[in-house]
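Taking it in order: structure first as structure tokens, then the write-up.
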Amino acid sequence: QVQLVESGGGLVQAGDSLRLSCAASGRTLSSYMMAWFRQAPGKEREFVAWLAWSFGNTYYSDSVKGRFTISRDNAKNTVYLQMTSLTPDDTAVYYCAAATNSVRRLLSSDYPYWGQGTQVTVSS
């Protein structure tokens, strides 16, 4: 079992930056893939960013490419989502997810482990 705890959400203004953290416990993540998803009110959960822990490969949705960066800290067993140039469209609950795989997966149904989510609100 993997337990995930997100932190770092908050209220920011358009154009600001924010860094989300996802601390994992219960397993070392060397054979896992990690992802960030988000869900805005009234919308389905959508993929944001993906990382293969062992190789460090990353992948992003078109809506955040060039603005968001996913990274990991092996020593802290933590994955991050650095978000820059935020817009009101980025307002959502952001979730960290994990799965035992290293092949890129972009569907929420591919991830059995989830954090509780952290709210990001971007005001205009």
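Side chains are part of it too, since the values below use all heavy atoms of this structure and drop only hydrogens, waters and symmetry mates.
The two atoms that bring K76 and T78 nearest to each other are O-OG1, 2.8 Å, heavy atoms only. Contact record, V48 with V64: O-CG2, 3.5 Å, taken as the closest heavy-atom pair. Here the closest non-hydrogen pair linking L20 and G9 is CD2-N, 3.6 Å. Closest approach of V2 to A24, counting heavy atoms only: CG1-CB, 4.4 Å.
For the atom pair E6 CD and L81 CG, the distance stands at 11.0 Å (nearest 0.5 Å). For the atom pair CH2 of W50 and CD1 of I70, the computed distance is 9.0 Å after rounding to the nearest 0.5 Å. Here N57 contributes atom CG and M33 contributes atom CE; the two are 12.5 Å apart, rounded to the nearest 0.5 Å.
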Given side-chain hydrogen bond (donor to acceptor under 3.5 Å, both in side chains), test T121 with Q119 step by step and report yes or no. CA-CA 6 Å; T121 303; Q119 176 71 48; 3.3 Å; yes
One pair to check against side-chain contact (heavy atoms from CB on, under 4.5 Å): T118 and V93. What are the steps and the verdict? CA-CA 5 Å; T118 185; V93 177; 6.0 Å; no
Evaluate L18 against L86 for side-chain contact (heavy atoms from CB on, under 4.5 Å), listing each step before the verdict. CA-CA 8 Å; L18 204 59; L86 286 162; 3.9 Å; yes
Check the pair W114 / S108 against side-chain contact (heavy atoms from CB on, under 4.5 Å), numbers first and verdict last. CA-CA 10 Å; W114 290 85; S108 59; 3.6 Å; yes
Passes side-chain contact (heavy atoms from CB on, under 4.5 Å), L106 versus Y59? Steps please. CA-CA 9 Å; L106 308 183; Y59 185 81; 3.7 Å; yes
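With sequence neighbours left out, W53 forms a ring pair (Phe, Tyr, Trp, His ring centres under 6.0 Å) with no residue at all. For T28, there are no side chain to side chain donor-acceptor pair (under 3.5 Å) partners two or more places apart in sequence or in a different chain. For P88, the side-chain contact (heavy atoms from CB on, under 4.5 Å) partners are A14, V122, S124, not counting sequence neighbours. Contacts of Y60 classified as ring pair (Phe, Tyr, Trp, His ring centres under 6.0 Å), with partners at least two apart in sequence or in another chain: none.
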Extract all donor-acceptor atom pairs below 3.5 Å that involve side chains of residues 34-47 and protein atoms in other chains or at least two apart in sequence.
residue	atom	partner	partner atom	Å
R38	NE	E46	OE2	2.6
R38	NH1	D90	OD1	2.9
R38	NH1	Y94	OH	2.9
R38	NH2	E46	OE2	3.2
Q39	OE1	R45	NE	3.4
Q39	OE1	R45	NH2	3.4
Q39	NE2	K43	O	3.1

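Evaluation of the disulfide bond (SG atoms under 2.5 Å apart) test over residues 36-122, restricted to residues two or more places apart or in two chains, returns C22-C96.
In this structure, R67 contributes its side chain and S85 its backbone to a donor-acceptor pair below 3.5 Å.
Between Q1 and R27 there is no side-chain heavy-atom pair separated by less than 4.5 Å. For the pair D73 and Y80, the minimum side-chain heavy-atom distance is below 4.5 Å.
Aromatic ring orientation, Y32 versus Y113: tilted (interplanar angle from 30° to 60°).
Note: the hydrophobic cluster containing M83 also contains L51 (ILVMFWY, side chain heavy atoms under 4.5 Å, direct or indirect links). Hydrophobic clustering (ILVMFWY, side-chain heavy atoms < 4.5 Å, transitive): F68 and V120 are in one cluster. Following chains of ILVMFWY side-chain contacts shorter than 4.5 Å, one can reach L4 starting from V79, so the two form part of one hydrophobic cluster.
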